[in-house]
Amino acid sequence: MDSILVRGGGELNGKIPIAGAKNACLALMPATLLSEEPLTLTNAPRLSDIRTMTELLRSLGAEVASMQDGKVITMASHGEINTRAEYDIVRKMRASNLVLGPLLAREGHAEVSLPGGCAIGARPMDIHTDGLAKMGAEIDLRDGYLYAKAEGGKLKGAVIDFPFASVGATENILMAATLAKGTTVINNAAREPEIVDLADCLRAMGAQIEGDGTPSITIQGVDSLHGATHKVVTDRIELGTYMLAPAFCGGEVELLGGRIDLLQAFCEKLDAAGIEVTETEAGLKVARRNGRISAVDVTTEPFPGFPTDLQAQMMALLCTAEGTSVLEEKIFENRFMHAPELIRMGAKIDVHGGTAKVTGVEKLKGAPVMATDLRASISLILAGLAATGETTVSRVYHLDRGYEHVVSKLRGVGADIERISGK
C-alpha cells in the first residue's frame, strides 16, 4: 500500500484550488436514474468514490462518461434499468445506498445491498427504509439486501418525520419524492449545503421542491423529469481542511472558491483559536495570528453546526494549542480512532466515549502513523506538516476517496511532502 511522507517545519504560502464537493456529487449522480434524458455535472471532484459511483451506475444500466480530466460527468439512463445494486460494488462506499430512492421512484422496485464505507459508526439504513415505507414501499431485508417494492408500482406522497436530521435519508427521500404521486413533506430534514445543491439540480430537471436548507422540505411529485446541466457546489470539507494548513504551519494561504457561508460555525472556532479568515474576490485567505493558537472547545453537530468531517483535522490542530480543549463527537461513534496515532506523535489526548480532552503541547514529533479512515488520513498529514522530523502516514488509500491531488496541492504552497508507492 502507498504511504505519504511528510517533513515538517516550514511555512505555507500560496493558493489552493478547492474542488467540487464529494458528498454533493455522490448524491447528484444517482439523480440520473430519475430521467431518461442526460444529466451533466460540472466541477466534479476526481476521486475514487466518484469512480465507484460511476461503476455502480453503469452496472444499473446508465451510461456515464467523463470529460475535461474528470471535471465534467455526463450521464444518461435512457435504456433498460437493472434494479439490483450488487454487494461487490455497494460494499465499497456508504453513499451507494442513494440509488435506492431513485430506483424505487422510477421502476417501482429495487434490490440494494447494505452499504459499506469508513468504519466510523453504524449509520443504519432504517431511517431511509422507514421513510420509503411511509410512501407505500414494502421493504424486506434478506441475505444482506434490501428488497423494496412500491405498492401498485408507484410511490405515494407522505408526511415523513425523521427522528434526527440524516443527510443520506433526506437525499434518498428527496429524490424518491420527485416522481411520487402527490405531495411529500420531510420534517427534521438535513440542512447541509449538499442538500440544497441536490434540490437545485432536481429543480433544474423539472422537480417541484420548496424549503431545502430549512428543517421542512416539501416536494410535489411530477410525472417525469428532464435532462439538465448542474455545477457541483464547492467541497466545504476540503475547504475547511486546507484552511487549517496555515494554522498548523504559519504563513498565508488563499483557498480559491471558498465561501464563509459554507463553514460559518467552523470559521467562528478558527477566529476564537487565533486564526484570521478574510474574504477575497477569489475565495478565502487564512493566516495564523502571532504566537500559538488558543485552545477551543468543539462539539460536532448537523449543519449549520461544526461538521463532524472536520473534527479529526481540528483535533490535530488543537494538539499544539495553548491550553486544554474538549471535543465532543455527537454525530458518529468510533470517530476518535485518529487519537492514538496523534499520541504517537507526542499529543496529549484523553478519550472517554464520545468526548476527547486535548492538552496542547509546544510541538509534535514526526513518527510512523496509520490512517484509520478518510478524515483521519488528512489530519495526520496536517499534523506531520507541523511536527519536527519526518512523519510517514500509511494506509492512505482512504485519502483517495475524498481528496484529489493532496500532494500536489500542498506542495504548491510549500509543503515538503511526497507519496511513496507501495508497489
Side-chain angles (χ1 to χ4, degrees), residues 20-113 115-116 128 132 145-148 150 153 155 168 171-180 194 197-207 222-232 401:
K22 172 183 86 89
N23 291 338
C25 197
L26 291 175
L28 291 164
M29 291 176 71
T32 188
L33 298 170
L34 296 167
S35 174
E36 294 188 359
E37 298 183 15
L39 173 62
T40 298
L41 301 178
T42 64
N43 196 38
R46 294 160 290 179
L47 304 167
S48 62
D49 273 9
I50 303 302
R51 292 192 291 272
T52 298
M53 183 61 80
T54 296
E55 181 185 2
L56 175 59
L57 291 174
R58 285 174 175 163
S59 76
L60 299 176
E63 297 176 3
V64 185
S66 295
M67 297 169 284
Q68 296 184 24
D69 192 27
K71 288 187 176 181
V72 176
I73 303 172
T74 296
M75 301 163 288
S77 304
H78 50 69
E80 184 176 348
I81 295 299
N82 169 29
T83 59
R84 184 176 173 88
E86 296 286 353
Y87 168 76
D88 283 347
I89 303 175
V90 175
R91 67 178 176 83
K92 299 176 184 177
M93 184 181 64
R94 166 97 7 205
S96 299
N97 61 25
L98 294 177
V99 301
L100 178 59
L103 286 175
L104 255 181
R106 175 167 171 166
E107 299 294 326
H109 60 96
E111 302 169 16
V112 178
S113 171
H128 300 244
L132 293 169
Y145 279 78
L146 292 169
Y147 291 80
L155 292 173
E171 291 166 339
N172 237 334
I173 300 300
L174 180 58
M175 286 189 280
T178 60
L179 297 180
E194 294 80 12
D197 199 45
L198 175 59
D200 284 343
C201 178
L202 293 170
R203 274 191 290 265
M205 297 171 69
V222 297
D223 291 334
S224 63
L225 298 180
H226 52 71
T229 297
H230 176 79
K231 182 180 179 180
V232 180
R401 293 185 46 237

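Worth saying up front: this structure is predicted, and the values here are computed from it rather than measured.
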Smallest separation among heavy atoms of Val232 and Asn43, with atom names
O-ND2, 2.8 Å

Which atom names give the shortest non-hydrogen contact between Cys201 and Leu28, and what distance separates them?
CB-CD2, 3.4 Å

Using only atom types and a distance under 3.5 Å, with no angle test, would you say the side chain of Arg106 pairs donor to acceptor with the backbone of Ser35?
yes

Please walk me through it: do Val72 and Leu41 pass side-chain contact (heavy atoms from CB on, under 4.5 Å)?
CA-CA 6 Å; Val72 176; Leu41 301 178; over 6 Å; no

Is there a donor-acceptor contact under 3.5 Å from the side chain of Glu36 to the main chain of His78?
no

Would a distance-only check, ignoring hydrogens and angles, find a side-chain to backbone donor-acceptor pair under 3.5 Å from Arg84 to Ala110?
no

Just by distance, do the side chain of Asp197 and the backbone of Ala24 share a donor-acceptor pair under 3.5 Å?
no

Spell out, as yes or no, whether a donor-acceptor pair under 3.5 Å connects the side chain of Asn172 to the backbone of Asn97.
yes

Calculate, to the nearest 0.5 Å, the distance between atoms SG and NE2 belonging to Cys25 and His230 respectively.
9.0 Å

Taking Thr178 for the side chain and Met175 for the main chain, is one N or O donor matched with an acceptor at less than 3.5 Å?
yes

Are any non-hydrogen side-chain atoms of Pro30 and Met53 less than 4.5 angstrom apart?
yes

What closest approach, in Å, do Glu171 and Asn23 show between heavy atoms, and which atom pair accounts for it?
OE2-O, 4.3 Å

Nearest 0.5 Å, what's the CG-OG distance between Asn82 and Ser59?
6.5 Å

How many angstroms lie between CG in Leu103 and CD1 in Ile81, if you round to the nearest 0.5 Å?
7.5 Å

Separation between CG (Leu33) and CG (Leu56), nearest 0.5 Å, reads 8.0 Å

Kindly give the heavy-atom pair with the smallest separation between Asp49 and Leu26, and that separation in Å.
O-CD2, 3.5 Å

Check whether any side-chain N or O of Ser77 sits under 3.5 Å from a backbone N or O of Thr32 as a donor-acceptor pair, and report yes or no.
yes

Side-chain contact, heavy-atom cut-off 4.5 Å: Leu60 with Val99?
yes

Once you round to the nearest 0.5 Å, how far does OG of Ser224 lie from CG of Leu179?
7.5 Å

Euclidean distance, Gln68 CD relative to Ile73 CD1, rounded to 0.5 Å
11.5 Å

Above 12 or not: heavy atoms from other molecules or residues under 6.0 Å from OH of Tyr87?
no

Check this for me: does any side-chain nitrogen of one of Lys92 and Glu55 sit under 4.0 Å from a carboxylate oxygen of the other?
yes

Hey, mind stepping through Leu57 and Met75 against side-chain contact (heavy atoms from CB on, under 4.5 Å) and telling me if it holds?
CA-CA 9 Å; Leu57 291 174; Met75 301 163 288; 4.0 Å; yes

Heavy-atom nearest pair, Ala148 first then Leu100, reads CB-CD1, 4.2 Å

From the options Thr52, Ile50, Leu98, select the one residue that forms a side-chain contact (heavy atoms from CB on, under 4.5 Å) with Met93.
Thr52

If you compare all heavy atoms of Ala105 against all heavy atoms of Leu34, which two are closest, and at what distance to 0.1 Å?
CB-CD2, 4.0 Å

His128 versus Ile173: any side-chain heavy-atom pair under 4.5 Å?
no

Arg46 and Arg51: side-chain contact (heavy atoms from CB on, under 4.5 Å), yes or no, with the steps?
CA-CA 8 Å; Arg46 294 160 290 179; Arg51 292 192 291 272; 5.7 Å; no

Output yes when a side-chain donor or acceptor of Ser113 lies under 3.5 Å from a complementary backbone atom of Glu86, and no otherwise.
no

